[in-house]
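Everything on this sheet refers to the single structure shown next.
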Amino acid sequence: MSNQELCTQYEFIVTMIESGNADKVVEILKNAIKRIDKGETSSGEEKKS
């Protein structure tokens, strides 16, 4: 993920928190962590080594 993509994601997270959707942000981040831990991409496909 590029720096620009990462900044966009962080901006989205901040906007959600500011609008009172902190619970949804926590859910999104936990799901992302699970995918990373499993070695999967954001689309759910397994990474190819």
>> Using 0.5 Å steps for rounding, measure from the CD1 atom of Ile28 to the CD atom of Gln9.
In response: 9.0 Å
> Do the charged groups of Lys24 and Glu27 touch, with an N to O distance under 4.0 Å?
Replying inline: yes
> Quick one: do Leu29 and Phe12 end up in the same hydrophobic cluster if we chain Ile, Leu, Val, Met, Phe, Trp and Tyr together by side-chain heavy atoms under 4.5 Å apart?
Replying inline: yes
> Taking atom CG of Leu6 and atom CD of Gln4, what is their separation to the nearest 0.5 Å?
Replying inline: 10.0 Å
>> With rounding to the nearest 0.5 angstrom, report the CG to OG1 distance, Asn3 to Thr8.
In response: 10.5 Å
> Roughly how far, to the nearest 0.5 Å, is the NZ atom of Lys34 from the CG atom of Asp37?
Replying inline: 10.0 Å
> Just by modelled atom types, is the Thr15 backbone N or O under 3.5 Å from a matching donor or acceptor in the Glu18 side chain?
Replying inline: no
> Do Val26 and Ile17 belong to the same hydrophobic cluster, where Ile, Leu, Val, Met, Phe, Trp and Tyr are linked whenever their side-chain heavy atoms lie under 4.5 Å apart, directly or via other members?
Replying inline: no
